[in-house]
Amino acid sequence: MITTTGILADLARNVAGDDAVVTSLVPDGADPHSFEPSPRAARDIAYADLALSNYLMLEEQSLIRTIDANLAPGVDHLALAEEASTRGAEIIPLVENRSLESVWLGLRVIEDPSAPKDRAAQTRLRMTDAAGPGALHGYVTGTFGQPQSLFDSSDGTDDSDETLLPQDAHTHVSWAFTEAGVQRMTLEASRAEGSGPRLRGTVVLAVGTDPHSIPELKDRRVIDAGHADITADFADGRLALRVDSPDGPQLLGLDEVVIHVPPRSLLPVPSDPAFRFIAKPGSDVYQLPQAVLGRHVHGEIDPHLWQDVTNAQAYVEVIRDHLIELDPEHRTGYSQRAADYLRELDSVDAYMTAAIESIPEEHRDLVTTHDAYGYLASRYGMEIAGTVSPSPGQEPSIADRRRLANTLRDLKVPAVFVEGTAGRTADSLRDAAQLADVQVCSIWGDSFTRHVTDYATLIRANADSLARCLGGTPAGRHDRL
């Protein structure tokens with residue numbers, strides 16, 4: 001049996017025992033959001049009798065496609081989060097409500113509800129034209145700060161100016177503009193396999209200039225803050241702009257809006273040579289950062305279900321039932337091990353509950369580097385007070401650190417929590433926490449580490465770290481890991 005992540009592998013091993021071999025494709029310490037499969041992974045997949053992924057777009061889609069392409073005929077690939085939702089697992093929306101100084105502009109696909117669900121299906125978004133002063137760049141930034149160009153008008157437009165998104169997916173994008181003025185970017189959205197409609201539209205951006213001062217833009221709605229996505233809307237057959245609002249998301253026609261890139265977004269190109277495709281390091285260009293560091297494609301549902309232990313128990317039940325169906329000869333062993341493990345997880349759930357209840361109510365606020373703890377907050381009575389990320393590729397300035405420190409002071413949190421795989425995001429949060437005289441503590445999310453090597457330990461370690469750092473009473477020593 002193969003699994004995508006170590007967490008899923010640990011849940012599966014507790015059911016499989018010696019009756020099945022479990023292999024994780026994503027190694028411990030790696031980020032499942034961005035992990036690219038190796039040739040060895042294809043071999044492991046080809047020999048598997050069962051494949052387990054979390055999905056809900058947790059994993060990099062190339063990993064999901066590799067699994068589907070290399071599994072032997074008739075071998076099941078289970079998306080555990082979706083399967084667990086039929087066993088009572090709680091599903092909650094992924095809420096992105098970070099306060100932004102400028103618009104956070106991403107890309108999104110809304111699928112036609114009548115289209116069959118296919119996790120391997122992709123939509124191609126291609127830039128077919130760009131008109132305006134200077135060059136336009138759209139790119140994503142990896143977990144450790146390496147950029148990957150999606151759109152680049154500096155050499156014209158061709159088939160390289162494109163990206164692929166799964167059905168009903170969303171991705172964060174960074175944008176850079178080398179000169180001020182009105183930029184017009186024409187995009188085309190189509191099915192990657194070539195069938196179906198082609199959607200076309202032009203996005204208008206006022207870069208470094210007041211859109212109200214430009215006569216042809218005066219009747220357009222100005223989008224200058226918050227979360228917005230250039231959206232391939234196959235349900236309505238158009239390219240549109242999806243914007244968040246207090247009353248919920250709105251879809252606006254591209255001819256109704258102008259995106260404002262304010263003068264204050266003029267920032268130097270990072271010194272890292274990897275960013276030379278934008279301009280010479282140190283050159284000032286107008287930038288809209290993607291706000292979340294790391295390649296981050298996701299849907300509308302938070303995929304991190306296991307942070308609620310009762311959801312992990314639903315995963316275990318799904319694994320048990322499919323192993324019994326696949327290997328009925330060992331039914332008794334699978335059933336007994338699952339029952340024992342479910343009882344252990346009852347105690348893990350109680351451990352986390354007691355830890356959070358020991359924290360004074362006014363301190364049950366969670367500030368982290370990753371949007372991964374909504375289920376923990378929902379199950380155990382905490383509030384997500386903030387998720388803090390720096391601008392991709394930029395070394396935060398003293399002013400940036402001070403702004404973040406002021407945010408931490410305003411939140412009045414005694415501690416912030418950093419994952420070991422957080423990369424540059426962790427450095428920014430640590431610096432700001434030091435300025436704000438706030439503790440920096442550990443938290444574990446998508447991956448195991450050298451000391452936290454199984455799911456039960458991960459939850460207990462989180463419980464102890466939260467309790468110790470927020471004024472509660474840790475029950476063990478896991479917070480020292």
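Only a predicted model underlies this, so the values are computations on that prediction, with no experimental measurement involved. In this chain, residues are counted from 1 in sequence order.
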Kindly say whether Leu8 contributes a backbone atom to a donor-acceptor pair with the side chain of Tyr455 at under 3.5 angstrom? no
Would you say Asp233's side chain and Ala235's backbone share a donor-acceptor pair under 3.5 angstrom? yes
Just by modelled atom types, is the Val261 backbone N or O under 3.5 Å from a matching donor or acceptor in the Trp175 side chain? no
Spacing of OG1 belonging to Thr231 relative to CG belonging to Leu165, to within rounding of 0.5 Å: 10.0 Å
Using a 4.5 Å cut-off on heavy atoms from C-beta on, say whether the side chain of Ile230 contacts that of Met185. yes
Given 3.5 Å as the limit, does a donor-acceptor pair link the side chain of Ser358 with the main chain of Gly472, or not? no
Just by modelled atom types, is the Gly29 backbone N or O under 3.5 Å from a matching donor or acceptor in the Ser447 side chain? yes
Value for CH2 (Trp444) from CG (Asn462), rounded to nearest 0.5 Å, stands at 6.5 Å
Would you indicate whether the side-chain heavy atoms of Phe417 and Cys469 approach each other to under 4.5 Å? yes
Check the side chains of Ser378 and Glu90 for a donor-acceptor pair under 3.5 angstrom, ignoring hydrogens and angles. yes
Below 4.0 angstrom, N of the basic side chain to O of the carboxylate: do Asp19 and Arg337 qualify? yes
For the side chain of Ser24 and the backbone of Pro27, is there at least one donor-acceptor N/O pair under 3.5 Å apart? no
Main chain of Leu342, side chain of Gln313: is a donor-acceptor contact present, judged purely on distance under 3.5 Å? yes
Out of Asn54, Ile7, Val15, which one pairs with Tyr315 under the side-chain contact (heavy atoms from CB on, under 4.5 Å) rule? Asn54
Okay, side chain of Tyr351, backbone of Leu345: is any donor-acceptor separation there less than 3.5 Å? no
Assess the residue pair Glu59 and Val26 against the criterion (side chain to side chain contact (heavy atoms under 4.5 Å, CB included)); give the C-alpha distance rounded to whole Å, side-chain angles, the decisive distance to 0.1 Å, and a yes or no. CA-CA 9 Å; Glu59 299 92 347; Val26 180; 5.7 Å; no
Between Ser465 and Ala461 (side chain of the first, backbone of the second, donor and acceptor by atom type, cut-off under 3.5 Å), is there such a pair? no
Quick check: does any side chain N or O of Arg108 sit under 3.5 Å from a backbone N or O of Ala232, one acting as donor and the other as acceptor? no
Can you tell whether the side chains of Glu111 and Arg191 come within less than 4.0 Å, N to carboxylate O? yes
Drop me the distance from Asp308's CG to Met352's CE, to the nearest 0.5 angstrom. 10.0 Å
Which residue in the set Ile223, Leu251, Ile259 passes side-chain contact (heavy atoms from CB on, under 4.5 Å) when paired with Val243? Ile223
Does a side-chain N-to-carboxylate-O contact under 4.0 Å join Asp340 and Arg343? yes
So do Val173 and Leu105 actually touch side chain to side chain, heavy atoms under 4.5 Å? no
How about Ser149 and Asp152: does a side-chain donor come under 3.5 Å of a side-chain acceptor? no
Let's go through Leu52 and Met1 carefully: what are the C-alpha distance in whole Å and the side-chain angles of both, what is the deciding distance for side chain to side chain contact (heavy atoms under 4.5 Å, CB included) to 0.1 Å, and is it a yes or a no? CA-CA 8 Å; Leu52 306 177; Met1 176 190 345; 3.5 Å; yes
Check the pair Ser265, Gln287 against side-chain hydrogen bond (donor to acceptor under 3.5 Å, both in side chains), reporting the backbone distance first and the verdict last. CA-CA 5 Å; Ser265 67; Gln287 300 180 46; over 6 Å; no
As an exercise, state the distance from CH2 of Trp104 to CG of Asp244, rounded to the nearest 0.5 Å. 9.0 Å
Between Tyr334 and Glu325, is there a side-chain donor-acceptor contact under 3.5 Å, judged purely by atom types and distance? no
Please test Val316 against Asn14 for side chain to side chain contact (heavy atoms under 4.5 Å, CB included), starting from the C-alpha separation and ending with a verdict. CA-CA 9 Å; Val316 169; Asn14 276 280; over 6 Å; no
Starting at CG of Asp44, measure out to OG1 of Thr3 and round the result to the nearest 0.5 Å. 10.5 Å
Looking at Glu362, I want to see if its CD is surrounded by more than 12 non-hydrogen atoms of other residues, nucleotides or ligands under 6.0 Å. yes
Stepwise side chain to side chain contact (heavy atoms under 4.5 Å, CB included) check, Leu305 with Ile91: CA-CA 7 Å; Leu305 276 73; Ile91 299 291; 3.6 Å; yes
Return the set of residues passing salt bridge (Lys or Arg N to Asp or Glu O under 4.0 Å) with Asp236 (not counting sequence neighbours), or none when no residue passes. none
Side chain proximity check, Leu58 to His304, heavy atoms < 4.5 angstrom: yes
Answer yes when Arg379 and Asp349 have at least one side-chain N-carboxylate O distance shorter than 4.0 Å, and no when they do not. yes
Specify whether Phe275 and Phe277 have parallel, tilted or perpendicular ring planes, treating 30° as the upper limit for parallel and 60° as the lower limit for perpendicular. parallel
Interatomic distance, CZ@Arg364 vs CD1@Ile359, rounded to 0.5 Å, equals 7.0 Å
